Amino acid sequence: MTTINGSAIKTLVVACDAGMGSSVMLAGQLRRQLKKNGVTVVHAAVAEIPVEADVIVTHQGLADRVRGVAPDTVIVSIQLFIGDPAVARLVSAIQTGSDVGE
Amino acid sequence: MSVNDALTGLLDDRAIRLAETAADRDDAVRRCGEALVAIGAAKPSYVDAMLARERSVSTYVGEGVAIPHGTLTSKEDIERDALAVLRFPDGVDWDGERVTVCVAIAARGDGHVALLGELALVLLDPERARLLRAATEPDDVRRLLTPDEEE
């Protein structure tokens, strides 16, 4: 299982199919929540995920495609773009420096 | 140009339609697409991409709101970045969820990021989410979706 420590996360990518809707909304929230943690939050289409991504958040329906693009990066898959518990756990891991797994 | 002037450009008055009706989800998505086409933001083919996207992964985001938009390949059908806000007072069944407001998106760039960020904050605040679902004037919508300048 791929894991990463929250304190090692410098670039967080939120990915969705087109990179213009849901990922934009979630990235906006995360940018706000992680402003003080030195994390760069970007949104991208799955096909355009930047190589420097330390962790990728995506809808569970897209997780397999994301894995194909970034096989060695921790992927957090979510069902809700607003208020998903997996996102809350990720934010907490970054803020407290605990491990994030898949 | 200030952030808020940019938002006004993204959200044309003609694309804020607050008393819409739709038979079902596809009909609602079509109306959203037609609003974007009517203001010259997208080609008619973009509407088909919006329907395809909705059928593969729902754009429902919670609190009675969906954000229909096209697929990656359909970005070439976008003429300029714009949003449309359509309100369906009677509600539309959206795969078991009830949608009252659609924020439709046509975007090749990142100009709409601040506005969608503000939408996320509205949805996290039950009172502001209720105000959005109840909005009857374009200015109500604009006010709710305009970020505070200092952010």
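Just so it is clear, the structure is predicted and the values come from calculations on it, not from any experiment. The chains referred to below are lettered A, B, ... by the order of the sequence lines, with proteins before strands, and numbering in each begins at 1. Basis for what follows: all heavy atoms, side chains included, without hydrogens, waters or symmetry-related copies.
Looking at B:M50 and B:L36, their side chains come closer than 4.5 Å, going by heavy atoms from C-beta outward. Looking at B:Y60 and B:P68, their side chains never come closer than 4.5 Å, going by heavy atoms from C-beta outward.
Residue B:V57 touches chain A through its side chain alone, counting heavy-atom pairs closer than 4.5 Å. Neither the backbone nor the side chain of B:D81 comes within less than 4.5 Å of any heavy atom of chain A. For chain A, no part of B:T59 is nearby; none of its heavy atoms comes within less than 4.5 Å. Proximity to chain A (any heavy atom under 4.5 Å) is shown, for B:I105, by both the backbone and the side chain.
Heavy atoms from other residues, nucleotides or ligands lying under 6.0 Å from CG of B:D26 number more than 12.
Considering all non-hydrogen atoms of both residues, B:V141 and B:A135 come closest at CG2-CB, 3.8 Å. Contact record, B:T73 with B:E76: O-CG, 3.4 Å, taken as the closest heavy-atom pair. Heavy-atom minimum distance, B:R53 versus B:S58: NH2-O, 3.7 Å.
By a heavy-atom distance cut of under 4.5 Å, A:D17, A:A18, A:M20 are the residues of residues 13-20 of chain A near chain B, going up by number.
Salt-bridge formation is detected for the pair B:R128/B:E118: a Lys NZ or Arg NE/NH1/NH2 atom is positioned less than 4.0 Å from an Asp or Glu carboxylate oxygen.
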CA sep, side-chain torsions, deciding dist, call: B:Y46, B:I78, side-chain contact (heavy atoms from CB on, under 4.5 Å): CA-CA 7 Å; B:Y46 187 68; B:I78 296 172; 3.7 Å; yes
